[in-house]
Visitor: 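Submitted below is the structure of interest, expressed as structure tokens.
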Amino acid sequence: MAERFYLLLLFLIFLVNLICFSSQQDLSFVFNGFNQDQAGDELLLDGFARIQSPERLLQLTDATTQQKGHAFFNRPFDFGSASSQSLSFFTHFVCALVPKPGVDGGHGIAFVLSSSNDLKKADPTQYLGLFNISTNGSPSSHVLAIELDTVQSAEFDDIDNNHVGIDVNSLQSVVSASASYYSDREGKNKNLTLLSGDPIQVWIDYEDTLLNVTLAPLRDQKPSKPLLSRTTNLTAIFPDRRAFLGFSAATGSLISNQYILGWSFSRSRVLLKSLDISKLSMVPLFTETKEIRSTLLIVLFVILALVVIMVLGGYYLYRRKKYAEVKEPWEKEYGPLRYSYESLYKATKGFNKDGRLGKGGFGEVYKGILPLVGDIAVKRLSHDAEQGMKQFVAEVVTMGSLQHKNLVPLLGYCRRKGELLLVSKYMEGGSVDQYLFYGDKPPLSWSQRLTILRDIASALCYLHTGASQVVLHRDIKASNVMLNENFQAFLGDFGMARFDDLGANLSATAAVGTIGYMALELISTGTSTKTDVYAFGAFMLEVTCGRRPFDPEMPVEKRHLVKWVCDCWRKGSLIDAIDTRLRDKFTPGEVEMVLKLGLLCTSIEPKSRPSMEQVVHYINSHQTLPDFSPDTPGIGVSTPMVMGIPGLAITSSSVTSSVSVPLVYPPSPNNSMFISHTIISGDGR
Ligand SMILES: *[C@@H]1O[C@H](CO)[C@@H](O)[C@H](O)[C@H]1NC(C)=O
Ligand SMILES: *[C@@H]1O[C@H](CO)[C@@H](O)[C@H](O)[C@H]1NC(C)=O
Ligand SMILES: *[C@@H]1O[C@H](CO)[C@@H](O)[C@H](O)[C@H]1NC(C)=O
Ligand SMILES: *[C@@H]1O[C@H](CO)[C@@H](O)[C@H](O)[C@H]1NC(C)=O
């Protein structure tokens, strides 16, 4: 029984010994970087102290003022009951004190052995989170600290602002030295700047009451000589024979980011696990760098935003410029007739050359397609003069209100700087002159020609008498008469006689039109319905004879159509003047009537000319022509000869062709889409 008891006792003693021994041996750990799982469990953090997850750093303070942070290992270091001789510990850690660029940093980091793991009442600033004014210097503090101090505090007799010291219950270091390390390679001491932001290795060894502190830069081996070596009686500081291990750091008005990168501890030199430097997050990310980076990011973003804004703005301005229009308050009432430049631009595919119907002295005509409207012709007229534009647009708009089955419908307009665009319906058949003078269309039959003349006479009569105001066309000619697919004729085109008035290039603004169609009195009394009648007379002859009213390439006697037709009549063979392409397929009576009517309308004497109403009656054979002969005064006189008088060379400067006669406008095949008109008072009739 006693034996058994004795054995059990032995076993218990062994067990207790084993537990004691193992608990003492147990306190050996290594943090190769701090991850949330392991370090989070094993460290007691307070104050600012935190584990930075992705970086695997233990951050004790950031760069804000009056801060402190503590990190203690959660189990105390138990000195054990063994004799103080055998009391020893070894620790190795890597820290970094990162100053804010351009600012003096502070305050420092300390490795701490403290009987209490609660230093929350301690002060920041020069107290380093270790003491407060009442605990500093008190033996009851039970604190041993190895400080890495970056501020020189006169009250604690600090030697400089870059020193390492051993503190026992007081910030007045027992021993201190400027931060430096012994380079075994170079065989000499080298200064070290604590507040450089570079990681620093610190070894603290305690054995045989001797406490050694050794520093070195990150990549260096542990120097053979310590920076500080001091006999310290640990059991005198910690009578309880136990202490918590950890770090304390603080900022004051001087600030810096303070980190521990890795930490290894053991109570035995051989069991101390070496830190795997390669596993440490090398240089802690400077908040400053982050700031710089975020500032950079912000700057980049701002630049990007600016670029985007500029591009968008540029595009907007480009679009605005591209589609810019001129709008004035007085145009409001014409709103429905106003087209946007953008819609016209798109309708004509950017005024594509392929869609160009013609090019004339005043501008170009493009074919386009507008949704809902269908095929359109857009005439682009360049103009410089803003003066008179209001009246002109008013006239254009009035024109749009003219309704006649033989007028090319004007759909609307658009104004830009230096440009006016007129939109009308597109006519499938093209202009009459294409059938008369160009081989690209089949020749017209007599009945088609007569229909055309009747249509245009009717349209012109409407302009002179049918509308609310008298409207003058002022530029009747073959190229201004359009056909649809059924050979119905439409009077069209802004002959631009009126338009050019605005250009103010002409001194004799009244005398405009096309040579061969212009009555003589244009020079003296200006336009009237009678000048339109004259032009229509020339047009009748033109359509019947298939020849231009004035053709400089003809022999002299045939050059002036009016004169030549009259000569034919005088010779007794009026029918000879007819277009030879008609051969015999015509009604001689009708041809004679038309030719005679043409001659009557082109009488040099305005009073002798019939009105358009009468013309309509004659041409529809409702009324017989008055009696007159080729020798009746005023009949068969060619006006272009008269127009050639010097001083009346109206726009000779603007004529580019080599034609000898001072043409007012070079004949243009197909620029004719619109009606030129002038609204005049009743007495102009
Ligand atoms: C200093 O700290 C001690 C214990 O940590 C606390 O009891 C005391 O109140 C503190 N004194 C001041 C002035 O903060
Ligand atoms: C190293 O530091 C000490 C004390 O701060 C200073 O006197 C010495 O000039 C420094 N040496 C070098 C090489 O910077
Ligand atoms: C401390 O340093 C001295 C010499 O500088 C050395 O003799 C001693 O062994 C060192 N002690 C420890 C625990 O490293
Ligand atoms: C250390 O201090 C303790 C308690 O104050 C004392 O008993 C012991 O003798 C001291 N040891 C040395 C080596 O001074």
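Atoms within a ligand are numbered from 1 in the order they appear, just like the ligands themselves.
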Visitor: With sequence neighbours left out, write down each residue that passes side-chain hydrogen bond (donor to acceptor under 3.5 Å, both in side chains) with Thr232, or none if nothing qualifies.
Guide: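 With sequence neighbours excluded, Thr232 shows a side-chain hydrogen bond (donor to acceptor under 3.5 Å, both in side chains) to no residue whatsoever.
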Visitor: For the 3.5 Å polar cut-off, considering only N or O atoms, please tell me whether Thr135 and ligand 1 meet it.
Guide: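 There is no such contact.
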Visitor: Just jot down the ligand 1 atoms closer than 4.0 angstrom to any heavy atom of Ser134, in number order.
Guide: 1 (C), 10 (C), 11 (N)
Visitor: Has Arg356 got its NZ or CZ under 6.0 Å from the middle of the six-membered ring of Phe351, at an angle within 45 degrees of the ring axis?
Guide: no
Visitor: Which heavy atom of Gln258 sits nearest to which heavy atom of Ala249, and what is that distance?
Guide: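 Scanning both residues, the minimum pair turns out to be NE2-CB, 3.8 Å.
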Visitor: Has ligand 4 got any nitrogen or oxygen that is less than 3.5 angstrom from a nitrogen or oxygen of Asn233?
Guide: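 Right, the criterion is met.
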Visitor: Residues in salt bridge (Lys or Arg N to Asp or Glu O under 4.0 Å) with Asp123, at least two apart?
Guide: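 Checked Asp123 against salt bridge (Lys or Arg N to Asp or Glu O under 4.0 Å); zero matches.
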Visitor: Below 30° counts as parallel, above 60° as perpendicular, anything between as tilted: where do the rings of Tyr345 and Tyr323 land?
Guide: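 If you compare the ring of Tyr345 with that of Tyr323, the planes turn out perpendicular.
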Visitor: Test of understanding: with side-chain hydrogen bond (donor to acceptor under 3.5 Å, both in side chains), list the residues that count as partners of Ser183, not counting sequence neighbours.
Guide: none
Visitor: Polar pairs, ligand 2 vs protein, N/O only, below 3.5 Å.
Guide:
| unit_1 | atom_1 | unit_2 | atom_2 | d |
| --- | --- | --- | --- | --- |
| ligand 2 | 2 (O) | Asn191 | OD1 | 3.2 |
| ligand 2 | 2 (O) | Asn191 | ND2 | 2.4 |
| ligand 2 | 11 (N) | Asn191 | ND2 | 2.6 |
| ligand 2 | 14 (O) | Asn191 | ND2 | 3.0 |

Visitor: Would you confirm whether Asp62, through its side chain, and Thr64, through its main-chain N or O, come within 3.5 Å as a donor-acceptor pair?
Guide: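 Between the backbone of Thr64 and the side chain of Asp62 there is a qualifying donor-acceptor contact (under 3.5 Å).
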Visitor: For ligand 1, which atoms have a heavy atom of Asn132 less than 4.0 angstrom away?
Guide: 1 (C), 2 (O), 3 (C), 8 (C), 10 (C), 11 (N), 12 (C), 14 (O)
Visitor: Hey, what's the ring geometry for Phe265 with Phe29, parallel, tilted or perpendicular (30° and 60° as the breaks)?
Guide: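 Plane angle under 30°, so parallel.
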Visitor: If I apply the N/O under 3.5 Å rule, does Asp118 come out as touching ligand 1?
Guide: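 For ligand 1, there is no N or O atom that lies under 3.5 Å from one belonging to Asp118.
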